[in-house]
Amino acid sequence: MIIDVQHHALPRKVFEKFHDPSLPPKPIAIRYDSMFTFAPRLCDLDEHVQMMDDGGVDMALLSVSQFGNIMGKEICREINEEFAEEIARFPGRFAISGCFPQDDPDAAVEEIEYLVKELKYPAVSMITSITPEITLSNKEYMWPIYEKIAELDIPVFVHPNIKPFGAEPECTIAASLSRGYDGAKAAMRLIYDVLPAFPNIKFVLPHFGGALLALKGRALNFYQPPAELGLPPVKEKYRNLSKSPLESAELGHDKAFNDVFDKLYIDGAGSAGWPPITEMAFRCVKHDHLLWATDYPYETHEGRDFRYYIDSLDQMDISEEDKKAFLGGNAARLLKLEK
């Protein structure tokens, strides 16, 4: 089974509140100085299924946290309920990673409880940041949410903020680079702040971790393990400098870093199946924590794009077992679809 874990959609009734689906895609300002491109394909699940059939994709996990999570509790509830109604027409083809009002902890906890216990959704989605203050590390906003997620034992699919704070619009920097940096920052917040407090939550980072994989070695060499691990510090003459790989290994800091890093799941969206980043992921991430994803309809547009990505794996030095796990087996296990 091939499962796309980053596949965006928006129920038609919600879409029509903001844009006419008969018109071309249009970026529209929403809350927190963010933009959201209302692409008509978002609200046409029949076309989603056609593209999936053309590309050989069996199931897609629908989400829209980059819009829903900053639009308030009423919009979140409407999205979640309309999704439940719309996917009923396509048994076995879709699952939902529900949205919740990420800037309202009480309402977020209530919505997460509702979408899991009443709507039976297998996962939730959140965005990397909302404002400079509302990040994944913010205890006031996020800790009550994490407590509920840990209680319900559901995975969290993270998505970049469409317009991270301070992102420059010129030269496509906001779209091509800033979201990747925002994703990497989110990963470091999870590694340092969140996972030590909530070690059993399964976080899925988007877009191959943004800039994370390219910077993993640097993050490891600067890693500062928590004092409670009792690991030896760096030598005084090297303090405040990056550790070399040999020094990190001698001190046990590399193992401490990887023990946390290896808890993270990574989705394969972000580059439309560009082979070099896929190969890098298989070198940097545990193979059972990699999940295939397309970012449809923004990043991939046709069934041939899905097929290109799938077929590219045959040109890589990856075992058949790992390919099958990446394309769907890992997602089925994470979403508990195997039961």
Side-chain angles (χ1 to χ4, degrees), residues 6 8 10 14 18 27-37 63-80 97-116 123-152 154-169 173-175 177-198 201-207 209-212 260 264-265 267:
Q6 192 186 131
H8 299 304
L10 188 61
V14 179
F18 298 88
I28 296 176
I30 50 177
R31 298 181 71 194
Y32 295 107
D33 193 35
S34 190
M35 303 288 290
F36 183 77
T37 299
S63 64
V64 70
S65 59
Q66 67 272 39
F67 170 74
N69 283 39
I70 63 175
M71 292 301 293
K73 63 181 182 181
E74 290 82 9
I75 290 289
C76 278
R77 177 60 60 91
E78 187 172 2
I79 289 171
N80 289 328
S97 184
C99 61
F100 59 87
Q102 200 166 321
D103 56 352
D104 185 342
D106 291 339
V109 167
E110 180 180 346
E111 190 63 23
I112 292 168
E113 179 107 5
Y114 177 74
L115 65 87
V116 173
V124 294
S125 292
M126 63 172 57
I127 52 176
T128 47
S129 64
I130 296 178
T131 69
E133 294 76 32
I134 306 178
T135 69
L136 300 189
S137 296
N138 186 297
K139 291 187 176 182
E140 177 186 357
Y141 283 91
M142 299 307 301
W143 256 236
I145 294 171
Y146 295 142
E147 288 169 359
K148 177 55 64 174
I149 289 169
E151 173 193 328
L152 295 172
I154 49 172
V156 182
F157 287 79
V158 183
H159 192 278
N161 186 328
I162 296 300
K163 188 182 178 185
F165 179 77
E168 303 97 327
I173 290 171
L177 301 182
S178 294
R179 295 174 197 169
Y181 176 51
D182 204 49
K185 287 197 299 182
M188 298 306 288
R189 293 185 184 282
L190 294 175
I191 288 170
Y192 275 90
D193 296 337
V194 182
L195 284 170
F198 301 94
I201 295 181
K202 300 175 179 65
F203 289 96
V204 182
L205 290 173
H207 299 180
L212 175 66
V260 186
L264 297 171
Y265 289 77
D267 89 28

Inset, instruction - Taking the side chain as every heavy atom from C-beta outward, state whether V124 and F157 have any pair of such atoms under 4.5 Å apart. - result: no

Legend entry - Approximate separation, where rounding is to 0.5 Å, of T128 OG1 and I162 CD1: 9.0 Å

Inset, instruction - Could you tell me the separation between the SG atom of C99 and the NZ atom of K73, rounded to the nearest 0.5 Å? - result: 14.5 Å

Legend entry - Main-chain N/O of P206 paired to Q6 side chain as donor or acceptor, under 3.5 Å: no

Legend entry - Distance-minimising heavy-atom pair for P101 and C76: N-SG, 3.5 Å

Inset, instruction - Determine yes or no for a side-chain-to-main-chain donor-acceptor pair under 3.5 angstrom, with N80 supplying the side chain and G98 the backbone. - result: no

Inset, instruction - Say whether, by atom type as modelled, one donor and one acceptor occur between the side chain of N69 and the main chain of S125 under 3.5 angstrom. - result: yes

Legend entry - Whether T131 side chain and E133 backbone form a donor-acceptor pair below 3.5 Å: yes

Inset, instruction - Quick one: closest heavy-atom pair of F203 and I201, and the distance? - result: CE1-CG2, 3.3 Å

Legend entry - Side-chain heavy-atom pair I127, D182 within 4.5 angstrom cut-off: no

Legend entry - Heavy-atom check, side chain of H207 versus side chain of P160, under 4.5 Å: yes

Legend entry - Verdict with supporting geometry, K148 and E151, side-chain contact (heavy atoms from CB on, under 4.5 Å): CA-CA 5 Å; K148 177 55 64 174; E151 173 193 328; 3.1 Å; yes

Inset, instruction - Check whether any side-chain heavy atom of Y141 lies under 4.5 Å from a side-chain heavy atom of I130, and answer yes or no. - result: no

Inset, instruction - Check step by step if ring pair (Phe, Tyr, Trp, His ring centres under 6.0 Å) holds for F36 and F18. - result: CA-CA 10 Å; F36 183 77; F18 298 88; 8.6 Å; no

Inset, instruction - Only counting residues at least two apart or in another chain, list the ones meeting salt bridge (charged side-chain N to carboxylate O under 4.0 Å, His left out) with E110. - result: none

Inset, instruction - Look only at the side chain of R189 and the backbone of S137, and say whether a donor-acceptor pair between them is shorter than 3.5 Å. - result: no

Legend entry - Gap between atom NZ of K163 and atom OG of S34 - 0.5 Å precision: 7.5 Å

Legend entry - Evaluation steps, side chain to side chain donor-acceptor pair (under 3.5 Å), between Y32 and N161: CA-CA 10 Å; Y32 295 107; N161 186 328; over 6 Å; no

Inset, instruction - Measure from the side-chain N and O atoms of Y146 to the backbone N and O of L136, and report whether any donor-acceptor pair falls under 3.5 Å. - result: yes

Inset, instruction - Measure the spacing between CE of M126 and CD1 of I145 and express it to the nearest 0.5 Å. - result: 6.0 Å

Inset, instruction - Quick one: closest heavy-atom pair of K139 and P144, and the distance? - result: O-CD, 3.6 Å

Inset, instruction - Decide yes or no for F100 and V109: does some side-chain heavy atom of the first lie under 4.5 Å from some side-chain heavy atom of the second? - result: no

Inset, instruction - Give a yes or no on whether F198 atom CZ has more than 12 heavy-atom contacts from other residues, nucleotides or ligands under 6.0 Å away. - result: yes

Inset, instruction - List the atom of I154, the atom of A123, and the distance in Å for their closest heavy-atom pair. - result: CB-CA, 4.4 Å

